[in-house]
Amino acid sequence: MTKTACITGITGQTGSYLAELLLQKGYQVYGLKRRSSSLNTDRIDHIYSNPNLKLVYGDLSDYSSLAGLLKFKPDYFFNLGAQSHVKVSFDVPEYSFDVDATGVIRVLEAIRQHSPTTRFLQASSSEMFGSSPPPQKEDTIFHPRSPYAVAKVAAYHAVVNYREAFDLFASNAISFNHESPRRGETFVTRKITQAATRIKLGLQDKLYLGNLEAKRDWSHAKDVASAMIKIIEADSPDDFVVASGEMHSVREFAEVVFDKLGLNWKDYVKVDPIYFRPSEVDALCGDSTKLRTTLGWKPEYTFSSLVDEMISSDLENAQKEKILKDNVCKVKQ
Ligand code: NAP
Ligand code: GDD
């Protein structure tokens, strides 16, 4: 019988890769999409016409739309929807908590009440470790440093509680940073690859960044999506760190990207304190031994192949932008 999966956050970076992987495996996929004033489905446009994909309007702040999804009695429910920007969470703390923490309780309650055999996976975050020094693993103490991280810690514990109290199959994928050509443009890696490729083609002069010393463990979002499937398909529910185990600073990321484009990053990157955070997470590097040894997860991408893919995609975007700009100039002449 065809298996079914619901995904919140399907229009986001990682949700789009997850949907692709599940469709490839023959799943019927139901995705929750938000109403927006302009189109927000770019990341899934290429799979939009797949007959096994159905999009349903809803929101993590709206219990009835979540309960509505559960009427499909899905085998799996992946919760990837979130206000996912750490810095923005300082500006909208209450909203971030409502969507990222209370939203998870809404989903868990909907599962408990309407479809208790549905397996649930929560997109937990390495941000929860905050100022606990690396390497971080499943039993590292949480010390959240932002409203986003506080909400993710609350959600993490709700998942564990529903597992213990109601015997739900509910797991946490504690993912470290993951990137791709589909990464939102305001996250640092994409901001760098987009700006560096535009600079290369003469479309931009400078790139303004915040804290260059922060260190992160960057994976490819597709590898993280495949880890999520392994976690939800495991024999029993549990919590797993998903990480590459390699750490690089923002400065290093910028240096590598500009270097690969034949540019010296120092000529273009400037620091603007506007991008500093009220409290920062200095260093994240995950130990994913548990996931690798018990579930056999192995990433396909390396740091270098991730960067190459992001550069090549943004270079293509910049080339299209340049052609358009040159044509407009010709028309004006
Ligand atoms: P993303 O690109 O920002 O996508 C977030 C998704 O959540 C989008 O589909 C967005 O919809 C949706 N969303 C936002 N608010 C919502 C709401 N109120 N109700 C329903 N859906 C809502 O994030 P991502 O990088 O794919 O990350 C996916 C998940 O993993 C998030 O929960 C994030 O917190 C978590 N996570 C990410 C990383 C990482 O490095 N990427 C690491 C650890 C954990 P719109 O498209 O309409 O905005
Ligand atoms: N966004 C951004 N923009 N970050 C910058 C900039 C800038 O101009 N300059 C420096 N940084 C630094 C941030 O201060 C942070 O230390 C680091 O770059 C990474 O920032 P982001 O790319 O915004 O990601 P994040 O680590 O804060 O959060 C991401 O990863 C989490 C997992 O650790 C998000 O995807 C979260 O949703 C996710 O949970």
Side-chain angles (χ1 to χ4, degrees), residues 7-19 31-36 38-44 57-62 65-66 78-89 95-96 98-100 102-104 106-107 121-130 136 144-146 148-149 151-152 155 172-180 182-192 195 207-221 224-225 228 241-243 248-251 253-254 269-277 279-286:
I7 306 176
T8 68
I10 193 168
T11 55
Q13 174 195 224
T14 314
S16 67
Y17 286 109
L18 180 62
L32 189 81
K33 76 165 175 174
R34 298 195 292 171
R35 194 270 155 183
S36 61
S38 55
L39 292 177
N40 62 351
T41 52
D42 321 10
R43 291 177 176 117
I44 51 170
Y57 278 112
D59 200 292
L60 281 158
S61 61
D62 177 48
S65 58
L66 301 169
F78 295 90
N79 186 45
L80 273 64
Q83 190 303 94
S84 72
H85 203 285
V86 173
K87 182 155 192 300
V88 171
S89 76
Y95 171 76
S96 300
D98 186 49
V99 173
D100 298 4
T102 313
V104 177
R106 290 187 190 102
V107 176
L121 181 133
Q122 164 63 4
S124 280
S125 167
S126 53
E127 270 291 302
M128 301 189 302
F129 299 120
Q136 294 96 358
R145 299 268 290 163
S146 64
Y148 167 82
K152 285 285 182 180
N172 284 291
I174 310 171
S175 307
F176 283 61
N177 296 49
H178 41 278
E179 320 295 315
S180 72
R182 296 185 201 164
R183 183 57 142 157
E185 292 89 345
T186 62
F187 295 93
V188 77
T189 55
R190 183 75 202 289
K191 187 171 164 182
I192 293 170
L207 164 62
Y208 292 92
L209 294 174
N211 178 12
L212 301 179
E213 306 314 321
K215 295 185 179 69
R216 291 293 183 271
D217 175 331
W218 283 296
S219 294
H220 196 293
V224 172
M228 288 174 169
V241 157
V242 186
H248 301 271
S249 66
V250 171
R251 179 194 298 274
F253 193 96
V269 175
K270 302 279 168 229
V271 169
D272 186 337
I274 199 174
Y275 297 112
F276 291 169
R277 293 161 185 200
S279 46
E280 176 63 287
V281 170
D282 294 328
L284 292 173
C285 188

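Numbering of ligands and ligand atoms starts at 1, following listing order. Starting from 1, each residue takes its place in the sequence as its number.
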> Non-hydrogen atoms of F176 versus ligand 1: any pair closer than 4.0 Å?
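Yes; F176 lies near enough to ligand 1 that a heavy-atom distance drops under 4.0 Å.
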
> Looking only at N/O atoms, are Q83 and ligand 1 under 3.5 Å apart anywhere?
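Among all N and O atoms of Q83, none is under 3.5 Å from an N or O of ligand 1.
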
> Please work out whether any backbone atom (N, CA, C, O) or any side-chain heavy atom from C-beta onward of Y275 is under 4.0 Å from ligand 2, and answer side chain, backbone, both or neither.
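Near ligand 2, Y275 shows its side chain, while the N, CA, C and O stay back.
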
> Quick test: of every protein heavy atom, which one is nearest to atom 28 (O) of ligand 2, and how far off is it to 0.1 Å?
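Going atom by atom, the protein heavy atom closest to atom 28 (O) of ligand 2 ends up being V86 CG2, 3.5 Å.
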
> Pick whichever of V269, D100, V88, N177 has a heavy atom sitting closest to atom 29 (C) of ligand 2.
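Result: the heavy atom closest to atom 29 (C) of ligand 2 is in N177.
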
> Determine whether the side chain, the backbone, both or neither of E280 has a heavy atom under 4.0 Å from any heavy atom of ligand 2.
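E280 to ligand 2: side-chain contact only, backbone stays beyond 4.0 Å.
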
> Measure from atom 35 (O) of ligand 2 to every heavy atom in R251, R183, R190, H178 and give the option owning the shortest one.
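Shortest heavy-atom distance from atom 35 (O) of ligand 2: R183.
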
> Measuring only between side-chain heavy atoms, which start at C-beta, is V250 closer than 4.5 Å to R216?
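Not in contact.
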
> Tell me the contacting part of K191 for ligand 2: side chain, backbone, both, or neither, using a 4.0 Å heavy-atom threshold, strictly below.
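It is the side chain that gets close, since no backbone atom is under 4.0 Å.
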
> Quick one: which ligand 2 atoms are inside 4.0 Å of a heavy atom on Y148?
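Numbered from 1, ligand 2 contributes 36 (C), 37 (O), 38 (C), 39 (O).
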
> Are T8 and ligand 1 in contact, using a heavy-atom cut-off of under 4.0 Å?
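No; T8 lies far enough from ligand 1 that no heavy-atom distance drops under 4.0 Å.
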
> Can you sort out which atoms of ligand 2 are near S126, meaning under 4.0 Å from one of its heavy atoms?
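Per the distance check, 32 (C), 33 (O).
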
> Can you tell which of A151, A82, G12, G58 gets a heavy atom nearest to atom 12 (C) of ligand 1?
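That would be A82.
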
> What protein heavy atom is closest to atom 36 (N) of ligand 1, reported as residue, atom name and distance in Å?
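Here the nearest protein heavy atom works out to Y148 OH, 3.9 Å.
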
> Does S124 come within less than 4.0 angstrom of ligand 1, counting non-hydrogen atoms of the residue?
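Yes; S124 lies near enough to ligand 1 that a heavy-atom distance drops under 4.0 Å.
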
> Within a distance under 4.0 Å of any heavy atom of A214, pick out the atoms of ligand 2 and give their elements.
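It comes down to these atoms of ligand 2: 16 (O).
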
> Do me a favour and list the nearest non-hydrogen protein atom to atom 9 (N) of ligand 2 with residue, atom name and distance?
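Protein heavy atom with the smallest distance to atom 9 (N) of ligand 2: G210 N, 2.7 Å.
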
> Suppose we measure from atom 46 (O) of ligand 1 to each protein heavy atom; which comes out shortest, and what is that distance?
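Protein heavy atom at minimum distance: T11 OG1, 2.7 Å.
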
> Measure the distance from atom 19 (N) of ligand 1 to every protein heavy atom, then report the residue, atom name and distance (to 0.1 Å) of the closest one.
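Result: L60 N, 2.9 Å.
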
> Checking a contact table here: which protein heavy atom is nearest atom 3 (N) of ligand 2, and how many Å away?
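Nearest neighbour among protein heavy atoms for atom 3 (N) of ligand 2, to 0.1 Å: T186 O, 4.0 Å.
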
> Quick check on contacts: which atoms of ligand 2 are under 4.0 angstrom from a heavy atom of S84?
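Within the 4.0 Å cut-off of S84, ligand 2 contributes 34 (C), 36 (C), 37 (O).
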
> I need the contact type for V188 against ligand 2. Using non-hydrogen atoms and a strict under-4.0 Å cut-off, is it side chain, backbone, both or neither?
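Looking at V188 and ligand 2, atoms from backbone and side chain both fall under 4.0 Å.
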
> Identify, for atom 23 (O) of ligand 2, the protein heavy atom at the shortest distance, and state residue, atom and that distance.
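Result: R277 NH2, 2.9 Å.
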
> Would you kindly specify which portion of L209 sits under 4.0 Å from ligand 2, judged on non-hydrogen atoms: side chain, backbone, both or neither?
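Both backbone and side chain.
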
> Give the residue, atom name and distance (to 0.1 Å) of the protein heavy atom nearest atom 43 (C) of ligand 1.
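Among all protein heavy atoms, the one nearest atom 43 (C) of ligand 1 is S175 O, 3.1 Å.
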
> Are K87 and E127 close enough for a salt bridge, meaning some N to O gap below 4.0 Å?
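Judged by the 4.0 Å cut-off on N to carboxylate O distance, K87 and E127 do not form a salt bridge.
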
> Which protein non-hydrogen atom lies closest to atom 38 (C) of ligand 1, naming both residue and atom, and how far is it?
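Ranked first by proximity to atom 38 (C) of ligand 1 is H178 CE1, 3.1 Å.
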
> For Y95, is the nearest heavy atom under 4.0 Å from an atom of ligand 1?
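The answer is yes: ligand 1 sits under 4.0 Å from a heavy atom of Y95.
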
> Look at atom 3 (O) of ligand 1 and say which protein heavy atom is nearest, naming residue and atom and giving the distance to 0.1 Å.
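Sorting protein heavy atoms by distance from atom 3 (O) of ligand 1 puts S84 OG, 2.6 Å first.
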
> Mind checking whether R183 has a heavy atom under 4.0 Å from ligand 1?
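So R183 counts as touching ligand 1.
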
> Do any N/O atoms on R216 end up under 3.5 angstrom from N/O atoms on ligand 2?
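Yes, there is a polar N/O contact under 3.5 Å.
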
> Give a yes or no answer on whether the side chain of S96 reaches the backbone of Q83 with a donor-acceptor pair at less than 3.5 Å.
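Not confirmed, S96 side chain does not pair with Q83 backbone.
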
> Might you point out which heavy atoms bring Q13 and S180 nearest each other, and give the distance in Å?
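In terms of heavy atoms, the two residues are closest at OE1-OG, 2.9 Å.
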
> Among R34, H85, Q13, whose heavy atom sits nearest atom 21 (N) of ligand 1?
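That would be R34.
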
> Hey, are Q122 and N79 close enough side-chain-wise for a donor-acceptor pair under 3.5 Å?
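Indeed, the side chains of N79 and Q122 share at least one donor-acceptor pair under 3.5 Å.
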
> Can you report which non-hydrogen protein atom sits closest to atom 30 (O) of ligand 1, along with the distance?
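That would be A123 CB, 3.4 Å.
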
> So is there a nitrogen or oxygen of T189 less than 3.5 Å from a nitrogen or oxygen in ligand 2?
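No; the residue has no nitrogen or oxygen that sits under 3.5 Å from a nitrogen or oxygen of the ligand.
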
> Could you tell me the residue and atom name of the protein heavy atom closest to atom 28 (C) of ligand 1, and the distance to it rounded to 0.1 Å?
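Its nearest protein heavy-atom neighbour is L80 O, 3.4 Å.
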
